[in-house]
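Working notes, beginning with the structure itself.
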Amino acid sequence: MTIFIVLLIVILFRDIKVFGNDEFNSQYIGKTDTAAIKGAFVVLVFLGHISTYINLGAEFDKPYVELKSHLSQMVVSMFFFYSGFGMMTSIMDKGFDYVKRIPIKRLLIVFLNFVIAVCLYLVVDWFFGETFPISYVMKSFIGLTSVGNSNWYMFTIFIIYIMMFVAYFATAKFKNKLSLIIMTALFTAMVVFLVLFEIRKGFDTWWYNTVFLVPFGCWFALFKDTIERLLFKRNALYFLYGTIVLICYFLSYRYRWEGIEVYTLWAMCFTMAVVLITMKVRFGSKGLHWLGDNLFGMYILQRIPMFIFKRIGFAEFDKYLYVVLCFVFTISITYIFNIVFHYIDTKVLGLLGQNEKRN
């Protein structure tokens with residue numbers, strides 16, 4: 001598996017631009033730049049998932065195993081951070097016009113796409129003789145259970161959309177920055193409540209230990225201009241802040257299992273480390289950009305080829321061939337299903353009178 005990490009690094013650094021002394025990448029958190037970063041992380045998610053289907057006992061696999069152990073849930077960190085940042089930026093730009101569309105353009109559309117993906121998993125399960133109780137299947141449509149797909153991430157996304165709609169509904173009347181700060185504090189409190197609820201109910205840690213990064217992205221959007229004014233003045237301030245982030249990162253990493261508070265601090269430091277890197281280095285890989293732009297399909301559909309080719313026997317025959325086949329097949333079905341998703345989304349939005357350019 002280490003060879004695939006090496007390939008990812010080569011691809012990531014193939015088309016880069018490094019900014020010089022007192023120069024910074026002004027587009028570091030724009031749609032194009034973040035797509036490439038999300039693309040790199042969805043590859044890490046893919047490798048993490050597929051590693052559960054193959055034997056990683058070889059000596060050459062050890063570097064990857066160490067990397068996977070170190071990163072842990074950080075492979076989804078940028079998805080949550082960029083999601084929070086993007087939605088907060090849209091709220092700041094469009095106000096209640098954006099918020100009022102969250103139930104349809106965000107929640108409903110993503111839910112319908114997810115239902116289609118789950119149905120595909122059910123068809124594959126049926127073909128291979130796997131069956132589930134009706135109640136279990138119904139829960140799978142909101143991400144509470146899994147029929148072979150990744151589920152916890154989607155459940156969290158659905159809850160986040162609902163909470164953001166509730167927290168920012170007041171933008172209908174209050175539009176200044178102070179009101180947005182108060183609403184963001186409310187949203188953050190709601191996320192805290194969600195995490196405490198899931199801890200109390202005994203959810204596995206991965207259900208909640210990165211969700212704080214969504215409000216963190218919102219806070220970053222609110223104070224982005226101030227942060228840039230401080231860090232973009234000169235390299236010395238940038239590297240000073242970077243040093244502080246790194247110190248906090250390694251300290252929090254060491255004690256990350258002491259509690260959700262320390263784990264959250266580590267996650268925030270990891271996220272800020274990536275953001276700081278992108279302020280100085282621009283990653284322009286078109287391949288990673290495509291993967292990032294098609295994150296939903298790449299994330300949700302990837303376990304289908306993993307399951308099919310595992311049952312056929314490719315995982316035992318040649319694990320490297322298995323990984324390549326699964327990756328190529330994931331890209332293929334993502335491309336096909338994007339056409340299906342777009343068609344259905346357009347029809348639904350048209351029926352609901354919201355068939356304008358999607359946010």
Side-chain angles (χ1 to χ4, degrees), residues 42 45-56 68 73 75-76 79 107-162 194 197-198 200-208 211 294-319 321-345 347-348:
V42 82
V45 170
F46 174 87
L47 294 176
H49 285 165
I50 203 168
S51 67
T52 63
Y53 293 83
I54 58 180
N55 182 2
L56 293 180
K68 180 186 175 185
Q73 283 298 99
V75 292
V76 300
F79 305 156
L107 182 58
L108 178 60
I109 292 301
V110 173
F111 172 72
L112 289 176
N113 292 171
F114 183 61
V115 167
I116 294 170
V118 170
C119 287
L120 181 59
Y121 275 93
L122 289 170
V123 170
V124 173
D125 291 333
W126 173 81
F127 183 82
F128 284 99
E130 299 280 348
T131 58
F132 304 94
I134 294 297
S135 60
Y136 187 91
V137 171
M138 296 305 295
K139 290 179 181 179
S140 72
F141 288 126
I142 60 172
L144 271 176
T145 58
S146 171
V147 292
N149 57 293
S150 298
N151 62 308
W152 72 269
Y153 178 82
M154 293 308 303
F155 175 80
T156 302
I157 289 295
F158 294 146
I159 296 298
I160 287 296
Y161 287 161
I162 293 171
L194 172 65
F197 174 81
E198 291 183 343
R200 185 173 182 179
K201 291 297 181 179
F203 282 61
D204 290 315
T205 56
W206 59 79
W207 282 75
Y208 55 81
V211 69
N294 296 276
L295 176 63
F296 178 85
M298 289 297 300
Y299 190 99
I300 297 302
L301 300 174
Q302 61 183 241
R303 286 187 182 271
I304 292 176
M306 293 178 191
F307 178 73
I308 292 175
F309 288 123
K310 174 72 173 180
R311 293 295 293 264
I312 293 175
F314 276 102
E316 290 74 24
F317 174 71
D318 188 318
K319 66 181 180 182
L321 176 62
Y322 172 69
V323 172
V324 173
L325 282 174
C326 288
F327 190 70
V328 171
F329 199 84
T330 299
I331 292 176
S332 300
I333 60 177
T334 295
Y335 180 81
I336 294 170
F337 268 82
N338 276 351
I339 298 174
V340 176
F341 293 151
H342 178 72
Y343 176 80
I344 293 175
D345 294 352
K347 289 295 183 181
V348 171

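Values below: all heavy atoms of this structure, side chains included; hydrogens, waters and symmetry mates excluded.
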Any donor and acceptor pair, going by atom type alone, linking the side chain of D345 with main-chain N or O of Y343 inside 3.5 Å? no

One pair to check against side chain to side chain contact (heavy atoms under 4.5 Å, CB included): L120 and F337. What are the steps and the verdict? CA-CA 10 Å; L120 181 59; F337 268 82; 3.4 Å; yes

Side-chain donor/acceptor pairs under 3.5 Å, residues 137-145, sequence neighbours excluded:
from	atom 1	to	atom 2	distance (Å)
S140	OG	V137	O	2.4
T145	OG1	Y136	O	2.7
T145	OG1	S140	N	3.0

Partner residues of Y208 under the ring pair (Phe, Tyr, Trp, His ring centres under 6.0 Å) criterion, sequence neighbours left out: none

Residues forming a ring pair (Phe, Tyr, Trp, His ring centres under 6.0 Å) with Y121, sequence neighbours excluded: none

In chain order, what residues pass the side-chain hydrogen bond (donor to acceptor under 3.5 Å, both in side chains) check against S51, with sequence neighbours excluded? K68

Got a second to check how far F155's CZ is from F203's CZ, nearest 0.5 Å? 5.5 Å

Pairwise distance CZ(F309) to CD1(I50) - rounded to 0.5 angstrom: 10.0 Å

Is the shortest heavy-atom distance from the side chain of F327 to the side chain of M298 under 4.5 Å? yes

Tell me the closest heavy-atom pair linking F158 and V110, and the distance in Å. CE2-CG1, 3.9 Å

Results of side chain to side chain contact (heavy atoms under 4.5 Å, CB included) for W206 - residues two or more places apart only: Q73, W152, D204

Validation row: W207, N151 side chains within 4.5 angstrom (heavy atoms): yes

State whether the number of non-hydrogen atoms from other residues, nucleotides or ligands found under 6.0 Å of F128 atom CZ is greater than 12. yes

Under the ring pair (Phe, Tyr, Trp, His ring centres under 6.0 Å) rule, collect the residues that match up with F79, sequence neighbours excluded. none

Sorted by chain and residue number, the ring pair (Phe, Tyr, Trp, His ring centres under 6.0 Å) partners of F296 (sequence neighbours excluded) come out as F341

Is the shortest side-chain heavy-atom distance between I333 and P305 below 4.5 Å? yes

Under the rule for side chain to side chain contact (heavy atoms under 4.5 Å, CB included), what residues qualify as partners of Y335, not counting sequence neighbours? W290, I339

Any side-chain heavy atom of D125 sitting closer than 4.5 Å to one from T131? no

With rounding to the nearest 0.5 Å, note down the distance linking CD1 in I116 to CG in L301. 10.0 Å

Side chain to side chain contact (heavy atoms under 4.5 Å, CB included) with I54: which residues, sequence neighbours excluded? M1, L56, A315, K319, Y322, V323

Is there a side-chain contact between C326 and F46, using heavy atoms and a 4.5 Å cut-off? yes

With rounding to the nearest 0.5 Å, note down the distance linking CD1 in I300 to OG1 in T330. 12.0 Å

From Y161 OH over to L108 CG, what is the distance, rounded to the nearest 0.5 angstrom? 12.0 Å

Of all residues at least two apart in sequence or in a different chain, which pass the side chain to side chain contact (heavy atoms under 4.5 Å, CB included) check with V123? none

By side-chain hydrogen bond (donor to acceptor under 3.5 Å, both in side chains), N338 pairs with (sequence neighbours left out) N294

Any side chain to side chain donor-acceptor pair (under 3.5 Å) involving residues 297-311? Give me the pairs, sequence neighbours left out, ordered by first then second residue. H49-Q302, H49-R303, Y53-R303, S150-R303, K310-E316

